[in-house]
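See structure below.
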Amino acid sequence: MPLQRKQKLMLFPRTGKIVLTVFVLITLFSGWKIYQFYGYIFKPNVQKDFVLYVKNGTAFKTVYETLDSNQVLGNMKAFSWVAKRKKCKDYIKPGRYHLLKGMNTNEAVNILRAGLQDPVMVIFNNIRTKEELASQISKYLVADSLSLLELFNPETVSYYGFTPETFPAMFIPNTYEFYWTTSAREFADRMKQEYDRFWNSERMKKAGDLGMTPDQVATLASIVQEETNKTSEKAKVAGVYINRLRKGMLLQADPTVKFAVGDVTLRRILNRHLETISPYNTYLVPGLPPGPITFPEISSLDAVLNYEKHNYLYFCAREDFSGYHNFARTNAEHERNAALYHAALSEMKSSK
């Protein structure tokens, strides 16, 4: 066989081997990249449960750095790659996002891209002032305390159909479900909806039977709430005040004096406190105060609407310091009960 032809025959096998080798390498590389990209997308990447807060206008870089610094993801490169292809880098919706351990990158990015927030349970009770309310709510929502306090300006108060004095009645303490991104005004809108829902036809009828508006019920309920923290006793206390109102007697409720003085921490009400000139001082002004002295809870509101019918006109703290009260029909009986309490108080002080 001629040498030239033999060389050509030897060349083709060598070229074929090179082509085959290149093909195998490309196939292996492609397979590896596909496997890598598949892992980027579908391999579990969230290493621990984490709540991510994203404010309006937060850049992707900030979100990336937050997740990285808190070691939330095992593969940050995968997160960046998936986010870029899903155009999540362009805009992340504000929200409170709960990333769960074991989520893959695709699931995490989808949550951020679609704004799939988990709601928060907003709890508020034992609230006396608007400042306390604003402070408590701002712990749960993006709305800060200043924006929440702004709700109490006369224009906003009037918009919801209240006066500055009765506006606290709109905020009924309870546990509510909100999204973290809720603004102060959205919070107020929801509270008005809850207020309207609470005051259904049945409760409105009971208020009417008492000769009261819902806001007047809330005002009396706020006094009852400040007088006793025993839910089982609230309806009985409410009955005392309703009896006094019907007889035209001054309510003479100590919590209203504390409110009038501007110091709810007062332990003893002195004569000088009783002389405070204020529409809230029920030792001087007949009837109900202009509005609630605190934010009455549902148990207090319902205690007024379902007040206990009896003949009591007075009550004072029990001498056993249990938090319950002794009730009396006459002032003489009340004075005896008060003497028992003060004697027990003096004995306790002397024994210390």
[X] [atom1] to [Y] [atom2] distance, which is reported to the nearest 0.5 Å:
X: Lys93; Y: Thr58; atom1: NZ; atom2: OG1; answer: 15.0 Å
X: Arg113; Y: Asn106; atom1: CZ; atom2: CG; answer: 10.0 Å
X: Leu313; Y: Phe327; atom1: CG; atom2: CZ; answer: 12.0 Å
X: Glu297; Y: Ser222; atom1: CD; atom2: OG; answer: 11.5 Å
X: Met121; Y: Glu177; atom1: CE; atom2: CD; answer: 5.0 Å

Looking at every heavy atom in both [X] and [Y], which two are closest together, and how far apart are they?
X: Asn45; Y: Asn75; result: OD1-N, 2.7 Å
X: Arg246; Y: Asp209; result: NH2-O, 4.5 Å
X: Pro292; Y: Glu165; result: CD-O, 3.4 Å

query = According to the interplanar angle, ranging from 0 to 90°, do the rings of Tyr64 and Phe60 count as parallel (below 30°), tilted (30 to 60°) or perpendicular (above 60°)?
reply =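 Rings of Tyr64 and Phe60: tilted, as their planes differ by 30° to 60°.
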Between [X] and [Y], is NZ or CZ placed under 6.0 angstrom from the six-membered ring centre and within 45° of the ring axis?
X: Lys77; Y: Phe79; value: no
X: Arg190; Y: Phe178; value: yes
X: Arg244; Y: Tyr312; value: no

task = May I ask you to check whether Asp320 and Ser322 show a side-chain donor-acceptor distance below 3.5 Å?
result =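 Their side chains do contain a donor-acceptor pair, which is all the 3.5 Å distance test asks for.
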Do [X] and [Y] have their ring centres less than 6.0 Å from each other?
X: Phe187; Y: Tyr140; value: no
X: Phe171; Y: Phe152; value: yes
X: Phe321; Y: Tyr341; value: yes
X: Tyr324; Y: Phe315; value: no

Hey, is [atom1] on [X] packed in by over 12 heavy atoms from elsewhere, all under 6.0 Å?
X: Lys48; atom1: NZ; answer: yes
X: Lys230; atom1: NZ; answer: yes
X: Glu186; atom1: CD; answer: yes

ask   = Same cluster for Val285 and Tyr283 if Ile/Leu/Val/Met/Phe/Trp/Tyr side chains link at under 4.5 Å?
value =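 Shared cluster, no.
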